[in-house]
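What follows is one structure encoded as structure tokens, with my remarks underneath.
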Amino acid sequence: MTTTTIASIQVTAVSVPMTHPHKTASGTISACPLLLIDATSACGATGHSILFTYTPGALKPTGDLVLGLGELIRGKTAAPKDIFAFLNSKHRLLGTQGLVGMAIAGIDMALWDLLARRTHQSLTELLGGSQKPIAAYGGVGFDGVIGSANAAEAFVQQGFTGVKAKIGYATVAEDLAVVQAMRAAVGENVSIMVDYNQSLGPAEAIARLSALADEGLEWVEEPSLAHDYQSLAHIRTNASMPIQAGENWWGIQDLQHALDAGSTDLLMPDIMKIGGVSGWLNAAAMAEAKQLRVSNHLWPEISARMLECTPTAHWLEYADWWNPILKSPLQIENGYAITGDALGAGIEWCGDAVERYRV
């Protein structure tokens, strides 16, 4: 096979309105500020990836970082692991978290996608995995008792066998009412997860989890600050249900700190924050060594492929937030993610929509 050389890294900023705004304890997400990355090789193949900057103000600086990193690697061989190590080494003094880490991860994902497309494979095949169904759950916002129950029921009617709600209301009684209303709506055979989005202190978390102990929860996610590993470990010791964490950990160093502290029963890496495909592969190996089950945070298209290559794969968190800009969004059939025969990570732009939402 001939060497694939990086010709250019290009970016496009878009703001994609959400069909159903997602309520959280800290505010409502009504549109997704996204940075679309295209990595083109000298032979003309192009790989794609997406960065979610959460706030519109981060789009331009993140885009500038991606373009700057692109200049550092232009003309180099498109070997994703080598490029990942090179870019991390170049920014060790500045640090490789935050926007820098996002930019490196975005390039990494685009290069893996490029390599898979260049060799006419799916990302799963390129990584040595095989296509398999991954159980998916739907995410419910901070929607109150009635809204949460209705949203959960709607997901089950679409075939999902799991639903996750954001909680952390003013009182534990309200948290309990939301969970019980969802259970009444979806029945006993559907898995229910809850996410506190780091909203509780350790003592309050222990008290609230005790009140939720009999509700049959699949997991409780981030009950306290994600980087307070010792407090998470203390909560975990006192909880009767599994603790889930990981979406806010940057790279495998944060993951190692969490494992050392015994902070969690389950892992949920965010492919952008963990370091792209290269970072995920490292995290999956660490999880396998501890036999910890791995789910994802957002990025359903590429995350489904990564879970197909993860020995301890658990659940896929499904979100349709970015579907309007994708030619072929990930398909969910009977509650399972089906990756199909698409090349690479299955990400291709819907050109008209990209132009419509360009910022």
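Under the rule for a salt bridge (charged side-chain N to carboxylate O under 4.0 Å, His left out), the partners of Arg358 that lie at least two apart in sequence or sit in another chain are Glu355. Partners of Ser41 by side-chain hydrogen bond (donor to acceptor under 3.5 Å, both in side chains), not counting sequence neighbours: none found. In terms of the salt bridge (charged side-chain N to carboxylate O under 4.0 Å, His left out) criterion, residue partners of Glu221 (sequence neighbours excluded) are, by chain and number, Lys164. Scanning for side chain to side chain contact (heavy atoms under 4.5 Å, CB included) contacts around Leu93 gives an empty result, with sequence neighbours left out. Residues satisfying the salt bridge (charged side-chain N to carboxylate O under 4.0 Å, His left out) test with Glu288, not counting sequence neighbours, are none. Pro33 meets the side chain to side chain contact (heavy atoms under 4.5 Å, CB included) test with Phe52, Thr53, Pro56, Leu59; sequence neighbours excluded.
Trp219 forms part of a hydrophobic cluster together with Tyr137, Met193, Leu266, Met268, Trp315, judged by ILVMFWY side-chain heavy-atom separations under 4.5 Å.
Within the structure, ring-ring contact (aromatic ring centres under 6.0 Å, His included) pairs that include any residue of residues 176-200 do not occur (at least two apart or interchain). Sequence neighbours left out, the pairs with a member in residues 261-285 that pass salt bridge (Lys or Arg N to Asp or Glu O under 4.0 Å) are Arg236-Asp265. Screening residues 56-77 for side-chain hydrogen bond (donor to acceptor under 3.5 Å, both in side chains), with sequence neighbours left out, gives Lys60-Asp64, Glu71-Arg74. Every pair tested for ring-ring contact (aromatic ring centres under 6.0 Å, His included) that includes a residue from residues 55-100 fails, sequence neighbours excluded, so the list is empty. Judged as a salt bridge (Lys or Arg N to Asp or Glu O under 4.0 Å), not a single pair has a partner in residues 122-149 (not counting sequence neighbours).
Heavy-atom contacts from other residues, nucleotides or ligands closer than 6.0 Å to CG of Asp260 number more than 12.
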Using the rule given for salt bridge (charged side-chain N to carboxylate O under 4.0 Å, His left out), can you reason through Glu301 versus Arg305, listing the C-alpha separation, both sets of side-chain angles and the distance that settles it, and then say yes or no? CA-CA 7 Å; Glu301 281 74 24; Arg305 274 94 180 159; over 6 Å; no

Quick one: do Thr124 and Cys309 satisfy side chain to side chain contact (heavy atoms under 4.5 Å, CB included)? Show the steps, please. CA-CA 6 Å; Thr124 301; Cys309 300; 3.9 Å; yes

Working note: Trp249 + His257, criterion ring pair (Phe, Tyr, Trp, His ring centres under 6.0 Å); need CA distance, chi angles, decisive distance, verdict. CA-CA 10 Å; Trp249 295 339; His257 292 321; 9.9 Å; no

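In this model, a donor atom of one side chain and an acceptor atom of the other lie less than 3.5 Å apart for Ser278 and Trp112.
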